[in-house]
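I have placed the structure first, in the form of structure tokens, so that the comments after it can refer back to it.
In each ligand, atom 1 is the first atom listed, and ligand 1 is the first ligand listed.
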Amino acid sequence: MEEIDPQKIRIIQRRILSWFDKHERDLPWRRTRDPYKILIAEVMLQQTQVDRVLPKYQEFLRAFPSVRALANAPVADVIRSWSGLGYNRRAVLLHRCSQTIVKTHGGTFSSSVSALEQLPGIGPYTARAIATFSFGEDVAVLDTNHRRIIHRLFLGLELPKALASDKKLLSLAEMLLPKGKGYSWNQALMDFGALMCTSRSPKCAICPVQQFCRAYPEIQAASPLKIVLLRRGKRGKEKFEDSDRFYRGRILDILRSEEHLPRAELLRHIRHIRPLGKIRFSRILKQLKKDGLIRMNKKADTIQLP
Ligand code: SF4
């Protein structure tokens, strides 16, 4: 990868930070440095849009105001509170993570990325996000916004295929991070990606770093096909209603309001929503059990939250 001019880096940093000064979004997880609250926000935001996370974040913190409260709660309550956020496995992993923090670390969070990565359910992104957003560490984070901006600035359009691995993008992100400003820089890129360099309609005409952007000339000269690809994003072809994820969500929705249900009745409820074969139903149940999201009582042939 070619050497990047340090002067160019400094101008990009200055312009994005000054854009951020004027356009920063007011988000509740930015009004705290409490690592527990940052953890909750980051896990929720991983696969769910900000608008959907906002009310759930406050609600979740009212139900589980501290890492100890979460660790001591029954996992079924945590799964119930996760309703509406999707990817429910995150609730189980968060619960396990809180128990490890309480049992093994006396309820306190480390500021070290490698120590945070040892916690259940905490991947490299979340570990780095806690280190920077809670402890102000100068570490680069690589969420979808950061990844897209860095790719476009230094490598060009990320479609139809990314031109670099995450490892390379992370090293570019480290190089771009202004020393001593890890917190605001990482937040700035989040907002820049959400409001300016968006995945489908980047506002290149008013972008403050347009002159340094490798993707800009490509976007200008893009064929109609490339623009269609950009607008369409990377959405999968499978309809959500046909996916296992859809059925997993519906099964949990039903179990959230029931103590326990006979297996056959649960299947009947699901079939009121959408057809589902017995073999696929059993496979989905097995997967939910493996993920710690349900308990199956073999003797009574009933299903319930764990
Ligand atoms: Fe993104 Fe366009 Fe700005 Fe490049 S010029 S960083 S693609 S908004």
Side-chain angles (χ1 to χ4, degrees), residues 1-27 30 42 45-51 125 128-129 132-133 138-236:
M1 203 166 289
E2 74 190 71
E3 192 70 4
I4 296 164
D5 176 10
Q7 174 67 5
K8 178 173 149 181
I9 302 265
R10 277 194 293 276
I11 301 175
I12 293 175
Q13 291 168 337
R14 226 176 19 244
R15 290 196 185 170
I16 291 184
L17 283 172
S18 115
W19 174 91
F20 181 58
D21 271 351
K22 296 180 203 102
H23 300 277
E24 179 177 2
R25 291 175 297 173
D26 178 23
L27 299 168
R30 289 188 179 163
E42 288 305 329
L45 288 163
Q46 268 164 30
Q47 279 145 319
T48 310
Q49 299 285 326
V50 170
D51 291 355
Y125 167 75
R128 286 171 170 266
T132 188
F133 296 142
D138 271 347
V139 291
V141 296
L142 206 59
D143 84 334
T144 47
N145 285 324
H146 295 80
R147 200 178 277 119
R148 184 173 63 251
I149 298 164
I150 286 164
H151 197 292
R152 287 180 181 174
L153 277 174
F154 299 113
L155 305 164
L157 265 181
E158 72 283 12
L159 292 165
K161 194 165 152 270
L163 301 172
S165 63
D166 268 8
K167 199 172 160 212
K168 276 188 185 157
L169 291 174
L170 187 62
S171 75
L172 283 168
E174 297 280 8
M175 184 199 59
L176 193 58
L177 188 121
K179 288 225 159 24
K181 293 187 177 164
Y183 178 90
S184 18
W185 178 251
N186 285 317
Q187 298 284 21
L189 284 194
M190 295 265 181
D191 286 3
F192 197 77
L195 307 172
M196 173 68 69
C197 191
T198 63
S199 65
R200 294 184 213 166
S201 304
K203 299 184 175 70
C204 303
I206 53 163
C207 174
V209 291
Q210 177 208 91
Q211 74 188 96
F212 304 106
C213 176
R214 201 93 184 240
Y216 178 61
E218 278 182 59
I219 291 173
Q220 291 281 86
S223 67
L225 175 66
K226 206 155 194 177
I227 291 185
V228 168
L229 277 174
L230 185 64
R231 298 252 147 90
R232 196 190 288 155
K234 289 179 183 165
R235 279 188 176 166

When distances are taken from atom 4 (Fe) of ligand 1, the protein heavy atom at minimum range is Cys213 SG, 2.4 Å
Output side-chain donor-acceptor pairs under 3.5 Å for residues 14-23, partner residues at least two apart or in another chain, one line each.
from	atom 1	to	atom 2	distance (Å)
Arg15	NH1	Pro208	O	3.1
Arg15	NH1	Gln211	OE1	2.8
Arg15	NH2	Gln211	OE1	3.4

Notebook entry, point to check: Would Tyr216 and Gln210 count as a side-chain contact (heavy atoms from CB on, under 4.5 Å) if you check the C-alpha gap in whole Å, the side-chain angles of each, and the deciding distance to 0.1 Å?
Noted result: CA-CA 6 Å; Tyr216 178 61; Gln210 177 208 91; 3.5 Å; yes
Expected output: side-chain Thr48 to main-chain Leu45 donor-acceptor under 3.5 Å
no
Quick note on ligand 1: atoms under 4.0 Å from a heavy atom of Arg152 include exactly 7 (S)
For Gln210, the ligand 1 atoms with a heavy-atom partner under 4.0 Å come out as 5 (S)
Open item on the list: Can you see whether Arg10 engages Gln7 through a side-chain donor-acceptor pair at a distance of less than 3.5 angstrom?
Closed with: yes
Between Lys179 and Asp138, is there a salt bridge with N-O shorter than 4.0 Å?
no
shortest atom 2 (Fe) of ligand 1-to-protein heavy-atom contact is with Cys204 SG, 2.4 Å
Task: Ion pair check, Arg148 and Glu158, cut-off under 4.0 Å - done: no
Short version for Ile219: what comes under 4.0 Å of ligand 1, heavy atoms counted, is side chain
min-distance protein heavy atom vs atom 3 (Fe) of ligand 1 -> Cys207 SG, 2.4 Å
The protein heavy atom nearest to atom 1 (Fe) of ligand 1 is Cys197 SG, 2.4 Å
